[in-house]
Enquirer: 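Following this message is one structure expressed as structure tokens.
The figures here come from the full heavy-atom set of this structure, side chains too, leaving out hydrogens, waters and symmetry mates. Chain letters run A, B, ... following the sequence lines, proteins first, then strands; residues in each count from 1.
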2 protein chains.
Amino acid sequence: MTAARVSPAKTTKGEETRARILETALELFRDRGYDETTMRAIAAQAHVSLGNAYYYFTSKETLIQAFYGRTHEEHLAASAPMLATRHTLKARLAGVMHAKLDTIEPYHRFAGVLFKTAADPASPLHPFSAESAQVREESTRLFGEVVDGADARVPDDLRAELPRLLWLYHMGIVLFWIHDNSPKRARSRKLVEMSVDLIATLIAFAANPLMRPLRKAALKMIAETK
Amino acid sequence: MTAARVSPAKTTKGEETRARILETALELFRDRGYDETTMRAIAAQAHVSLGNAYYYFTSKETLIQAFYGRTHEEHLAASAPMLATRHTLKARLAGVMHAKLDTIEPYHRFAGVLFKTAADPASPLHPFSAESAQVREESTRLFGEVVDGADARVPDDLRAELPRLLWLYHMGIVLFWIHDNSPKRARSRKLVEMSVDLIATLIAFAANPLMRPLRKAALKMIAETK
DNA sequence: CGATCGTTCTGAACGTGTTCATTTCCTCTT
DNA sequence: AAGAGGAAATGAACACGTTCAGAACGATCG
């Protein structure tokens, strides 16, 4: 429940103001939605001037970037107990994925806009941008832990690529989740269950010598278009 | 090269004005990019008032919807000769996919914004919305033709889902293409080549009795989260 | 011809994200 | 204590997307 700190956390006056603006913004986003929240409203509620809000966040989108960092840290924290106690690939992956959905659930309402801006390659927010690199890499590392801590037999060539692939998979699930309006996001949960099963099965298949050519072809594709 | 008509095409005065605005808008989008093109500039260049532009297109985004329809029709046209002459699944799919990339290439620069708005579930433009339903269904039908006209052996249960799956695949490729800045979009082309290969192989595999349980599991997942 | 009515068109006005010249605040130096 | 200089904060101003009350247009009917 404690606020995660993203930027270097000297508690100068400025850092306090910055934090206050961010808290206020996320609160308003959650309650009213992104488009309905004006920068003026954020500034007012945070007791700063409009210009001052822009002194700390160069654009409204920048606030989303901060949101990324925030939920990512929460996701890490929520995943840790899963990874400490579960040892099959399937259970570990399922745990991490459900933790993800738990983490972002409060923001489902404004998650759409979130991905909206994220999909634009020109935006510093899109998942492959330099600005997102840190979060992306940490997130990928998390999926690396999912694999490495599991007792599954995974061919080395696949193991090297798997974290990236699972990260991509996880983005796909989030994309599905954004469009999911079923009660309690049941469809997304179901999809996670079933797709995790499928992935575990596929990885088991991949270790079969008969599958070697297919596996090699798939990995080659990934390598050549990286 | 003739302009594709989307709306009922009575050539009344209004239809002409509408067309003029759309042509101007697409031209400006192509040349300057989306954000850099103002509604005022479109109106001015099309010799109409700002208000009049909004009489025909209720928002700037609506112009993107029109763009969808346009490129979709061009894609259909470009795909026809492929489907008429090629008979293997691989060749047909590759033909249709390359035709797609050919069609949208001139707009690569503003395609980002295109998908930006498309990714927002609240937008009428996102691929799963009611407003996009027509284009989406027609597009899915195209992939149905790719499969049906091919001489590949495809299990019936898979055949029923394949058009939708291939449409989804095609969206993925477009997403990749958007982020692709390699010369002549070489990476996207390569990805199409290799992924089409892989898909053809997978479909061949799917017909193997040994694969039945896996195939059933995958299809079940799709069915239950539809 | 004139009246009527729906279509087409206009431009002023509003709210928003963003910028920027300027002011206020704080800390350190002498 | 005074001043210098940077950090923090201000609010007016701008450009843009969008809305709207109404004007102009044009076809149809008496």
Side-chain angles (χ1 to χ4, degrees), chain A residues 7-26 28-29 32-67 110 113-114 116-118 120 122-125, chain B residues 7-26 28-29 31-67 110 113-114 116-118 120 122-125 131:
Chain A
S7 343
K10 290 178 279 186
T11 309
T12 66
K13 178 100 176 299
E15 284 303 322
E16 263 175 46
T17 309
R18 180 191 188 82
R20 189 151 31 88
I21 294 171
L22 179 56
E23 295 312 313
T24 308
L26 291 186
L28 289 178
F29 289 164
R32 305 185 191 172
Y34 181 79
D35 283 333
E36 289 70 27
T37 303
T38 67
M39 287 299 283
R40 283 167 181 80
I42 296 172
Q45 187 134 338
H47 303 293
V48 297
S49 70
L50 180 59
N52 200 17
Y54 275 95
Y55 178 73
Y56 289 102
F57 297 92
T58 49
S59 74
K60 200 178 174 187
E61 281 196 359
T62 312
L63 287 163
I64 301 181
Q65 182 86 296
F67 165 81
F110 104 98
V113 183
L114 200 153
K116 169 179 162 146
T117 66
D120 180 5
S123 157
L125 291 185
Chain B
S7 343
K10 292 178 280 189
T11 309
T12 66
K13 179 101 176 298
E15 284 303 322
E16 263 174 46
T17 310
R18 180 191 187 81
R20 189 149 33 89
I21 295 171
L22 180 55
E23 295 312 314
T24 308
L26 291 186
L28 290 179
F29 288 164
D31 296 348
R32 304 185 192 172
Y34 181 79
D35 283 333
E36 291 68 28
T37 303
T38 67
M39 287 299 284
R40 284 167 179 79
I42 296 171
Q45 187 133 340
H47 302 295
V48 298
S49 71
L50 180 58
N52 201 14
Y54 275 94
Y55 177 74
Y56 289 102
F57 298 92
T58 48
S59 73
K60 200 179 174 185
E61 280 195 0
T62 312
L63 286 163
I64 301 182
Q65 182 88 294
F67 165 81
F110 103 98
V113 182
L114 200 153
K116 168 178 163 150
T117 67
D120 179 5
S123 157
L125 291 185
E131 285 84 349

Enquirer: Does B:Thr58 have any side chain to side chain contact (heavy atoms under 4.5 Å, CB included) partners at least two apart in sequence or in another chain, and if so, which?
Expert: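 Scan of B:Thr58 (side chain to side chain contact (heavy atoms under 4.5 Å, CB included), adjacent residues dropped) gives B:Thr62.
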
Enquirer: Do the rings of A:Tyr34 and A:Phe110 sit parallel, tilted or perpendicular, given the 30° and 60° boundaries?
Expert: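 Aromatic pair A:Tyr34/A:Phe110 classed parallel.
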
Enquirer: Taking side chain as C-beta onward, heavy atoms only, is A:Tyr54 less than 4.5 Å from A:Met39?
Expert: yes

Enquirer: Would you say B:Leu28 and B:Thr38 make side-chain contact, with heavy atoms under 4.5 Å?
Expert: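 The answer is no; the side chains never approach within 4.5 Å.
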
Enquirer: Reading nucleotides 6-19 of chain D from the 5' end, what letters show protein touch, with B for base, S for backbone sugar-phosphate only, - for no heavy atom under 4.0 Å?
Expert: -SBBBB-B--BBBB

Enquirer: Using the six-membered ring of A:Tyr56, assess whether NZ or CZ of A:Arg20 lies under 6.0 Å from its centre and within 45 degrees of the ring axis.
Expert: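 No, A:Arg20 and A:Tyr56 do not form such a contact.
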
Enquirer: Please find the earliest and latest nucleotides of DNA chain C, in the 5' to 3' direction, that have an atom within less than 4.0 Å of any heavy atom of chain B.
Expert: C:dT7 to C:dA13

Enquirer: Going through the checks in order, is the side chain to side chain contact (heavy atoms under 4.5 Å, CB included) test met by B:Leu22 and B:Phe57?
Expert: CA-CA 9 Å; B:Leu22 180 55; B:Phe57 298 92; 4.0 Å; yes

Enquirer: Between B:Phe29 and B:Leu63, is any pair of side-chain heavy atoms under 4.5 Å apart?
Expert: yes

